[in-house]
Amino acid sequence: DQQVKQNSPSLSVQEGRISILNCDYTNSMFDYFLWYKKYPAEGPTFLISISSIKDKNEDGRFTVFLNKSAKHLSLHIVPSQPGDSAVYFCAASLTGNQFYFGTGTSLTVIP
Amino acid sequence: GAVVSQHPSWVICKSGTSVKIECRSLDFQATTMFWYRQFPKQSLMLMATSNEGSKATYEQGVEKDKFLINHASLTLSTLTVTSAHPEDSSFYICSARRLAEAYEQYFGPGTRLTVT
């Protein structure tokens with residue numbers, strides 16, 4: 001049972017434009033959400049997170065939006081850069097003891 | 001800071017043998033370590049959570065007698081795949097969490113296991 005879903009396996013964006021990666025979840029008890037960036041044959045690298053009590057968190061070019069009523073979160077990258085090309089995973093946590101990951105979205109930023 | 005290493009990075013073993021994978025937090029003490037498994041084009045699946053000095057907590061469907069986890073110190077956790085079979089071939093990734101942080105976890109580079 002996939003509790004966290006990323007329905008877009010891939011996304012291509014022109015350099016300088018905005019990248020929007022989406023994530024949906026089913027469990028309303030999740031209290032923390034994280035985005036990770038991953039290169040092939042490497043472990044994920046933490047990117048940005050948001051608590052369930054907030055609806056937006058911003059860190060430089062990266063902003064995460066949380067819509068609890070829709071059980072949806074999104075990661076915005078603006079402006080997108082070629083170095084942002086990677087697989088992005090969203091993850092949801094239950095009290096920090098269990099983590100559920102989506103299947104990932106492969107982002108390609110075209111120079 | 002917050003560097004996590006894994007050893008080996010890749011391993012090939014014969015069916016029926018056991019393989020040990022080490023996960024080390026290099027510059028911090030990890031009270032909790034997580035072990036994940038990733039199949040091609042699929043998400044990371046949490047296998048187990050281990051706290052230093054206590055038994056690991058396994059997720060539903062993960063055989064604890066097959067995937068032995070030891071968290072003997074605040075900087076080292078090991079995963080031993082016992083009597084490995086070809087279906088155990090996968091990418092195994094560990095992560096570690098610092099005492100002061102409730103949610104952030106720092107991932108190792110992963111270990112590619114191939115069982116022939």
Side-chain angles (χ1 to χ4, degrees), chain A residues 1-10 21-27 29-54 57 59 64 66 73 86-107, chain B residues 1-10 21 23-26 30-51 54 56-62 90-114:
Chain A
D1 180 27
Q2 192 74 22
Q3 297 196 50
V4 178
K5 296 180 182 179
Q6 292 174 258
N7 293 317
S8 298
S10 62
L21 296 95
N22 294 302
C23 181
D24 296 293
Y25 60 96
T26 57
N27 191 339
M29 298 301 291
F30 287 139
D31 58 353
Y32 206 78
F33 303 89
L34 309 97
W35 282 95
Y36 290 86
K37 181 178 178 180
K38 185 180 183 300
Y39 295 108
E42 293 184 11
T45 303
F46 171 74
L47 203 55
I48 192 170
S49 62
I50 187 168
S51 164
S52 61
I53 63 174
K54 295 186 176 180
N57 187 27
D59 183 3
V64 56
L66 175 63
L73 68 154
V87 177
Y88 290 79
F89 288 94
C90 70
S93 177
L94 277 169
T95 67
N97 291 319
Q98 290 174 292
F99 291 84
Y100 300 88
F101 282 77
T103 50
T105 296
S106 178
L107 172 66
Chain B
V3 178
V4 177
S5 70
Q6 274 184 248
H7 178 80
S9 56
W10 60 271
I21 302 170
C23 177
R24 292 183 185 273
S25 56
L26 298 185
T31 51
T32 302
M33 286 185 170
F34 303 88
W35 285 95
Y36 294 85
R37 183 175 180 177
Q38 185 185 23
F39 292 103
K41 297 184 179 180
Q42 293 189 23
S43 62
L44 282 76
M45 299 294 294
L46 179 64
M47 298 175 65
T49 303
S50 73
N51 292 297
S54 58
T57 302
Y58 290 81
E59 294 298 302
Q60 192 174 11
V62 178
S90 189
F91 193 57
Y92 292 87
I93 305 177
C94 73
S95 69
R97 189 167 67 199
R98 290 194 282 214
L99 176 62
E101 295 172 347
Y103 293 96
E104 277 75 17
Q105 50 184 311
Y106 304 93
F107 285 85
T111 297
R112 170 72 60 191
L113 170 64
T114 301

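Lettering follows sequence order; numbering is per chain, from 1. Heavy-atom basis, side chains included; hydrogens, waters and symmetry copies ignored.
You'll find the ring centres of A:F101 and B:Y36 inside the 6.0 Å limit.
The two residues B:S43 and A:F89 make their nearest non-hydrogen contact at CA-CE2, 4.2 Å.
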Report the C-alpha separation of A:Y32 and B:E104 in whole Å, then their side-chain angles, then the decisive distance to 0.1 Å, and conclude whether the side-chain contact (heavy atoms from CB on, under 4.5 Å) test is met. CA-CA 10 Å; A:Y32 206 78; B:E104 277 75 17; 3.1 Å; yes
So A:E42 and B:I93, side-chain contact (heavy atoms from CB on, under 4.5 Å) or not? Walk me through it. CA-CA 9 Å; A:E42 293 184 11; B:I93 305 177; over 6 Å; no
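Looking at B:Q105, the atoms closer than 4.5 Å to chain A (heavy atoms on both sides) sit in the backbone and in the side chain alike. When heavy atoms are compared at a cutoff of 4.5 Å, A:F99 approaches chain B by way of both its backbone and its side chain. Of the two parts of A:Q98, the backbone and the side chain both hold a non-hydrogen atom closer than 4.5 Å to a non-hydrogen atom of chain B. Residue contact with chain A, scored on non-hydrogen atoms closer than 4.5 Å, involves the side chain of B:F91 exclusively. For A:Y39, no part lies near chain B; criterion is any non-hydrogen pair under 4.5 Å.
Distance check, rounded to the nearest 0.5 Å: OH of B:Y103 to CZ of A:F33 gives 10.0 Å.
Counting heavy atoms from C-beta outward, B:L44 and A:P44 have side chains that approach closer than 4.5 Å. Taking 4.5 Å as the limit, every side-chain heavy atom of A:F46 sits out of range of all side-chain heavy atoms of B:F107.
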